[in-house]
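Just below is one structure, and these are the notes that go with it.
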Protein chains: 2
Amino acid sequence: MKTYSIGEVAKELNLTVYTIRYYDKEGLIPFVERSESGIRLFKESDIAALNVIECLKASGMPIKEIKNFIDWCSEGDATLQQRYDMFMERKATVEAQMAELRKTMEVIEHKCMYYQTALEAGTEDIHKQKNIAASIPASR
Amino acid sequence: MKTYSIGEVAKELNLTVYTIRYYDKEGLIPFVERSESGIRLFKESDIAALNVIECLKASGMPIKEIKNFIDWCSEGDATLQQRYDMFMERKATVEAQMAELRKTMEVIEHKCMYYQTALEAGTEDIHKQKNIAASIPASR
DNA sequence: ATAATCCTTAGAGTTAACTCTAGGTCAAGC
DNA sequence: GCTTGACCTAGAGTTAACTCTAAGGATTAT
């Protein structure tokens with residue numbers, strides 16, 4: 001079976017070798033086998049597992065919680081429920097993150113328009129005028 | 001004009017007073033005025049500014065870059081172009097983050113289904129069977 | 001066979017963003 | 001007038017996730 005070196009895996013996953021060794025130290029990839037001389041030999045399935053780890057990381061999960069999941073995987077079918085629950089919870093947090101990003105985007109888009117208008121006018125005062133203008137009728 | 005204490009602002013924005021003081025230390029809120037005895041007096045507009053800061057933070061912008069923006073704001077109309085460019089760039093990065101979150105979500109949803117099937121079968125082997133089954137016709 | 005370029009470990013250093021502590025000052029209520 | 005709780009600063013401590021260094025072993029290319 002073909003295997004890959006840590007450098008090859010790092011390049012493929014856009015990680016540094018330091019990061020992969022750090023993940024190993026933290027117990028995220030206990031399944032990676034070694035050559036007689038101690039060199040890590042990554043199988044295709046190990047790379048797939050690293051991709052899942054990257055996905056969990058992208059979902060905002062801290063390394064220690066990812067380790068829990070990896071431990072559950074090693075424990076077999078007895079932990080299927082935990083793993084299912086974990087992914088359902090991940091789904092909920094990612095949905096929440098998407099909702100927050102949409103809110104953030106709204107504010108940013110509003111600011112883009114604000115500065116576009118200000119740029120066209122050559123001054124930010126154009127926005128302050130709005131309120132002054134609105135107050136004129138009352139002052140008449 | 002009504003003002004608010006740091007504690008009131010912290011509660012309203014769901015921050016700690018430590019965090020707000022830290023932002024002040026980092027130069028994010030130089031416009032907040034003080035009482036004679038040195039106590040911070042937050043105006044409504046200061047709270048609005050903190051909301052923009054929170055928005056930039058939510059977009060993944062580091063504090064030091066947010067400070068650049070705050071400095072530009074103090075410099076007036078001469079920096080309108082920079083500020084516009086900055087928000088346009090923010091818009092692009094938030095769009096990229098949304099795209100990545102969508103990818104992450106796909107993987108997670110796939111995993112949810114994977115574990116649902118495994119739970120129903122009582123074993124993860126159900127997924128390994130797929131490949132074995134697929135290889136049977138060839139082995140006949 | 002020897003240089004270059006991988007790989008290994010243990011452990012120290014870095015960075016961002018808080019988070020807290022110590023030692024004070026200040027303002028409101030009893 | 002005194003206690004209580006919120007405010008202040010300077011600076012130390014924490015945490016997560018890397019990131020790198022030192023010292024050495026293995027593999028490949030000429």
Side-chain angles (χ1 to χ4, degrees), chain A residues 2-43 46-47 50-70 90 93 97 100 104, chain B residues 2-43 46-47 50-70 90 93 97 100 104:
Chain A
K2 171 133 209 253
T3 62
Y4 303 84
S5 74
I6 194 167
E8 288 168 329
V9 175
K11 196 171 271 178
E12 185 158 334
L13 300 185
N14 251 320
L15 296 170
T16 67
V17 293
Y18 301 135
T19 302
I20 298 177
R21 289 202 194 106
Y22 166 68
Y23 287 175
D24 199 2
K25 237 186 247 182
E26 295 299 310
L28 299 194
I29 48 171
F31 39 74
V32 173
E33 288 172 19
R34 305 284 187 118
S35 73
E36 271 190 23
S37 56
I39 289 173
R40 292 177 188 83
L41 303 171
F42 291 80
K43 298 182 290 292
D46 298 341
I47 296 174
L50 272 167
N51 266 315
V52 173
I53 288 169
E54 286 308 286
C55 166
L56 290 173
K57 218 181 47 171
S59 84
M61 198 179 217
I63 263 86
K64 281 183 186 172
E65 278 176 47
I66 300 179
K67 184 185 168 2
N68 290 342
F69 166 67
I70 297 295
R90 274 301 97 194
T93 77
Q97 286 170 55
E100 215 208 304
T104 299
Chain B
K2 171 131 210 254
T3 61
Y4 303 84
S5 74
I6 194 168
E8 289 168 327
V9 175
K11 196 171 273 180
E12 185 158 334
L13 300 185
N14 252 319
L15 296 170
T16 67
V17 293
Y18 300 135
T19 302
I20 297 177
R21 289 201 196 107
Y22 165 68
Y23 287 175
D24 199 2
K25 236 185 243 182
E26 295 299 309
L28 299 195
I29 49 172
F31 39 74
V32 173
E33 289 173 17
R34 305 283 188 119
S35 73
E36 272 190 23
S37 55
I39 289 173
R40 292 177 188 84
L41 304 170
F42 291 81
K43 298 181 291 291
D46 298 340
I47 295 174
L50 271 168
N51 265 316
V52 173
I53 288 169
E54 285 308 287
C55 166
L56 289 173
K57 217 181 45 170
S59 83
M61 196 177 217
I63 263 85
K64 280 183 186 173
E65 277 176 48
I66 299 178
K67 184 186 168 2
N68 290 342
F69 166 68
I70 298 295
R90 275 299 98 194
T93 76
Q97 285 169 57
E100 216 207 306
T104 299

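These values consider heavy atoms only, across backbone and side chains, with no hydrogens, waters or symmetry-generated copies. In the text below, chain A, chain B and the rest are named by the order of the sequence lines, each starting its count at 1.
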Look at all strands and tell whether Lys25(A) reaches a base, only sugar-phosphate, or nothing, counting heavy atoms closer than 4.0 Å.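 Base, at least one base heavy atom under 4.0 Å.
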Item to check | Any residue of residues 4-15 of chain A with a heavy atom less than 4.0 Å from an atom of DNA chain C | outcome: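 Under 4.0 Å from DNA chain C: Ser5(A), Ile6(A), Gly7(A).
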List in chain and number order the residues that pass salt bridge (Lys or Arg N to Asp or Glu O under 4.0 Å) with [X], two or more places apart in sequence or in another chain; answer none if no residue qualifies.
| X | answer |
| --- | --- |
| Lys64(A) | none |
| Lys11(A) | none |
| Glu33(A) | Lys43(A) |

Exercise for the section: Would you indicate whether Glu100(A), at its atom CD, is surrounded by more than 12 heavy atoms from other residues, nucleotides or ligands within a distance under 6.0 Å? Expected result: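 Check fails, neighbour count at 12 or below.
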Can you pull the contact range of chain B along DNA chain D, 5' to 3', using atoms under 4.0 angstrom from its heavy atoms?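 Nucleotide range in contact with chain B: dC7(D) to dG11(D).
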Test of understanding: with side-chain hydrogen bond (donor to acceptor under 3.5 Å, both in side chains), list the residues that count as partners of Ser59(B), not counting sequence neighbours.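 Arg90(B).
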| request: Could I get the full list of side-chain hydrogen bond (donor to acceptor under 3.5 Å, both in side chains) partners for Asn68(B), not counting sequence neighbours? | output: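 Partners of Asn68(B) by the side-chain hydrogen bond (donor to acceptor under 3.5 Å, both in side chains) criterion come out as none, since no residue qualifies.
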In B/S/- notation (B base, S sugar-phosphate only, - none; protein heavy atoms under 4.0 Å), nucleotides 21-27 of chain C written 5' to 3' is B----SS
Do you know the tightest heavy-atom contact between [X] and [Y]?
| X | Y | value |
| --- | --- | --- |
| Cys55(A) | Thr104(B) | O-CG2, 3.5 Å |
| Asp24(B) | Arg40(B) | OD2-NE, 2.7 Å |
| Ile63(B) | Leu28(B) | O-CD2, 3.6 Å |
| Val17(B) | Ile6(B) | O-CD1, 3.8 Å |

Kindly write out the residues that satisfy side chain to side chain contact (heavy atoms under 4.5 Å, CB included) with [X], not counting sequence neighbours, or none if the list is empty.
| X | answer |
| --- | --- |
| Thr19(B) | Leu15(B), Thr16(B), Tyr23(B) |
| Val9(A) | Tyr4(A), Leu13(A), Ile20(A), Phe42(A), Ile47(A), Leu50(A) |
| Ser5(B) | Glu8(B) |

_With nearest nucleotide decided by heavy atoms, which residue, Arg34(A) or Tyr22(B), maps closer to the 5′ end of DNA chain C?_
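Result: Arg34(A).
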Residue closer to the 5' end of DNA chain C, Asp24(A) versus Thr19(B) (nearest nucleotide):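 In this pair, the answer is Asp24(A).
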- End axis versus end axis in the helix from dA1(C)-dT30(D) to dC30(C)-dG1(D), the angle rounded to 10°, five pairs used at each terminus: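 The end-segment axes of the helix from dA1(C)-dT30(D) to dC30(C)-dG1(D) are tilted 10° relative to each other.
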